[in-house]
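Read the structure below first, then the notes.
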Amino acid sequence: MSVNGIYIEMSLKRSLDVSRWNQSACKLNGSSMESQQLNKKIDDTKALLYKAYDSLQKEDQVITASAVKSRYLGIDKKHYTLTQLLDYHSTKMKGVLKYGTLKNYTTTEAYLKNYLREKRNISDIYLKQDRLPIHAWF
């Protein structure tokens, strides 16, 4: 696939009869449901690759095929856990917050960790992984 002159090799995990492939259009020939679905998947993937390219460009990143592919796959950014966030907050706020406020944060941290351990049977969670409804806390 080509995105703004950058060639990215990817698999869409689909198989097809090679004789039905239109190399110049980069699409499957025909109007069958299978052709329409695969062509839509190709178009959707191209759109997401262009979006990845544009976001790298806006961030003034070096744009390479591997950078676009990594952004598309979501593996170029570090994802943080709840525990990392709590530790970061504790470190940064230790000298800033008053004792009572810091004590409240420490108590809340203990409740959060207990919730994960008791209700979810996990020790930590990626912040991007799960959005818990508020009623799940009570």
Side-chain angles (χ1 to χ4, degrees):
M1 230 174 263
S2 174
V3 175
N4 291 354
I6 298 174
Y7 289 93
I8 301 169
E9 186 175 321
M10 294 186 60
S11 171
L12 298 179
K13 310 277 191 263
R14 305 288 194 274
S15 57
L16 58 103
D17 180 6
V18 177
S19 66
R20 294 176 50 205
W21 182 251
N22 182 336
Q23 182 67 35
S24 62
C26 294
K27 294 200 176 211
L28 199 57
N29 289 327
S31 59
S32 68
M33 182 63 82
E34 178 192 20
S35 296
Q36 290 176 15
Q37 288 175 343
L38 186 57
N39 288 336
K40 182 175 180 351
K41 178 72 173 168
I42 292 168
D43 290 340
D44 292 347
T45 302
K46 277 185 183 179
L48 291 171
L49 286 167
Y50 278 109
K51 184 178 177 184
Y53 178 93
D54 291 342
S55 79
L56 288 169
Q57 198 171 36
K58 285 178 187 171
E59 294 171 15
D60 201 25
Q61 299 288 324
V62 175
I63 298 175
T64 63
S66 62
V68 173
K69 187 175 179 178
S70 292
R71 177 64 54 98
Y72 165 80
L73 295 171
I75 58 175
D76 68 327
K77 293 186 176 182
K78 180 162 174 45
H79 299 287
Y80 296 98
T81 66
L82 180 60
T83 302
Q84 289 172 321
L85 175 65
L86 294 170
D87 291 344
Y88 173 82
H89 183 269
S90 289
T91 303
K92 293 293 182 183
M93 295 294 125
K94 193 172 257 179
V96 177
L97 298 175
K98 292 187 178 182
Y99 172 77
T101 305
L102 194 57
K103 183 178 153 200
N104 291 339
Y105 276 113
T106 304
T107 302
T108 302
E109 180 178 336
Y111 282 128
L112 287 169
K113 289 180 178 179
N114 186 50
Y115 168 80
L116 291 176
R117 195 174 47 256
E118 298 290 325
K119 302 287 184 183
R120 302 289 299 263
N121 294 320
I122 55 176
S123 61
D124 205 358
I125 190 167
Y126 283 98
L127 297 173
K128 186 173 181 165
Q129 172 184 340
D130 202 354
R131 296 290 183 242
L132 300 174
I134 292 178
H135 70 273
W137 297 91
F138 303 104

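No hydrogens, no waters, no symmetry mates; every other heavy atom, side chains included, goes into these values.
Residues meeting the side chain to side chain donor-acceptor pair (under 3.5 Å) test with R117, sequence neighbours left out: N114. Looking at residues two or more places apart in sequence or on another chain, you find a side chain to side chain contact (heavy atoms under 4.5 Å, CB included) between N22 and S24, A25, N29. Residues passing the ring-ring contact (aromatic ring centres under 6.0 Å, His included) test with Y105, sequence neighbours excluded: H89. For the salt bridge (charged side-chain N to carboxylate O under 4.0 Å, His left out) test, residues two or more places apart in sequence or in another chain that qualify with D44 are K40. With sequence neighbours excluded, no residue forms a side chain to side chain donor-acceptor pair (under 3.5 Å) with Q36.
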Show me the donor-acceptor pairs, under 3.5 Å and distance only, between side chains in residues 54-63 and residues at least two apart or in other chains.
{"unit_1": "S55", "atom_1": "OG", "unit_2": "A52", "atom_2": "O", "d": "3.1"}
{"unit_1": "S55", "atom_1": "OG", "unit_2": "R71", "atom_2": "NH1", "d": "2.7"}
{"unit_1": "E59", "atom_1": "OE1", "unit_2": "R71", "atom_2": "NH2", "d": "2.9"}
{"unit_1": "E59", "atom_1": "OE2", "unit_2": "R71", "atom_2": "NH1", "d": "3.1"}

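Neither L97 nor Y88 shares a network with the other; the hydrophobic side chains, linked directly or stepwise wherever heavy atoms of I, L, V, M, F, W or Y lie under 4.5 Å apart, form separate groups for each. Under a hydrophobic clustering in which Ile, Leu, Val, Met, Phe, Trp and Tyr are joined whenever their side-chain heavy atoms come within less than 4.5 Å, directly or via other members, L102 and V96 fall into the same cluster. Hydrophobic clustering of Ile, Leu, Val, Met, Phe, Trp and Tyr side chains at less than 4.5 Å, counting indirect connections, keeps M33 apart from L16. Cluster annotation: Y99 is not connected to M93 through the hydrophobic network of ILVMFWY side chains, with a link wherever side-chain heavy atoms come within less than 4.5 Å.
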Could you walk me through whether D43 and K27 pass the side chain to side chain contact (heavy atoms under 4.5 Å, CB included) test, one step at a time? CA-CA 9 Å; D43 290 340; K27 294 200 176 211; 2.9 Å; yes

Residues E109, L85; criterion side chain to side chain contact (heavy atoms under 4.5 Å, CB included); working and verdict: CA-CA 10 Å; E109 180 178 336; L85 175 65; over 6 Å; no

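One distance of note links CG of L82 with CD of Q84; it measures 10.0 Å at 0.5 Å rounding. Remark: K69 NZ to T64 OG1 distance equals 11.5 Å, nearest 0.5 Å. Taking OG from S66 and CG from L73, the interatomic distance works out to 11.0 Å, rounded to the nearest 0.5 Å. Here OH of Y80 is found 13.0 Å from CG of D87. Values are rounded to the nearest 0.5 Å.
Under the 3.5 Å distance criterion, the side-chain polar atoms of T108 are matched with a main-chain donor or acceptor of N104. A donor-acceptor contact shorter than 3.5 Å links the side chain of D124 to the backbone of T83.
Minimum interatomic distance between S35 and G30 (heavy atoms only, all atoms of both residues): CB-O, 3.6 Å. Among all heavy-atom pairs drawn from R14 and L12, the shortest one is NH1-O, 3.0 Å.
At a threshold of 4.5 Å between non-hydrogen side-chain atoms, the residues L116 and L112 do not count as touching. Side-chain atoms of Q37 and K41, non-hydrogen and from C-beta on, never get closer than 4.5 Å to each other.
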